[in-house]
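What you see is a predicted model; the values in this text were computed from it and never measured.
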Amino acid sequence: FPHDVVVDDAGVAYVSDNYAHCIWRVSADGMPEKWVDGAPLVGPVGLATRDGNVLVADPRARQVFEIDPSKRVVPVITKGDGGPPGGSTP
């Protein structure tokens, strides 16, 4: 079930799919691909972009992940993590 969409500076759209546990990437010319699929994503919902990467909020995994263009998925905030110093969040 598509939940959220974010578009980067190059016109590429990313769509979180909570039901399929994945992130879709739609190129600027409209071609979709299943970009990141499965673990560690459990129920991705919210999306944002930062420095060429995609941030994914996954409340079912209790994490926020950052995905780089090579599809490397790194948790940036995890359950029980108070977040970065100063109280700001990515």
Is the distance from the ring center of Y14 to that of W35 below 6.0 Å? yes
Close side-chain approach of V74 to F65, heavy-atom, < 4.5 Å: no
Any donor-acceptor pair under 3.5 Å from D51 side chain to N53 backbone: no
Looking only at heavy atoms, which two atoms of P59 and G43 are closest? And how far apart? CD-O, 3.7 Å
How close do P44 and C22 get, heavy atom to heavy atom, and via which atoms? CG-O, 3.6 Å
Any heavy-atom pair between the side chains of N18 and R60 that's under 4.5 Å? yes
Applying the salt bridge (charged side-chain N to carboxylate O under 4.0 Å, His left out) test to E66, which of K71, R72, R50 qualifies? R50
pair V36-V73: side-chain heavy atoms closer than 4.5 Å: yes
Please report the shortest heavy-atom distance between P69 and G52, naming the atom on each side. CG-O, 3.6 Å
Does atom CG of D29 have more than 12 heavy-atom neighbours, drawn from other residues, nucleotides or ligands, at distances under 6.0 Å? yes
Using the side chain to side chain contact (heavy atoms under 4.5 Å, CB included) rule, take V56 and I67 through it: C-alpha gap first, then chi angles, then the decisive distance, then the call. CA-CA 8 Å; V56 180; I67 306 171; 3.7 Å; yes
Against H3, only a single residue in L47, V15, V45 fulfils side-chain contact (heavy atoms from CB on, under 4.5 Å); can you say which? V45
Would you kindly say whether Q63 and D58 are connected by a side-chain donor-acceptor distance under 3.5 Å? no
State, to 0.1 Å, how close V42 and A61 come at their nearest heavy-atom pair, and which atoms those are. CG2-CB, 3.8 Å
Donor-acceptor pair, side chain of S16 and main chain of D4, under 3.5 angstrom: yes
If only atom types and distance count, is the side chain of H21 paired as donor or acceptor with the main-chain N or O of G38 below 3.5 Å? no
Any non-hydrogen side-chain atom of W24 less than 4.5 Å from a side-chain atom of E33? no
When rounded to the nearest 0.5 angstrom, what is the spacing between CG in L55 and OG1 in T49? 8.0 Å
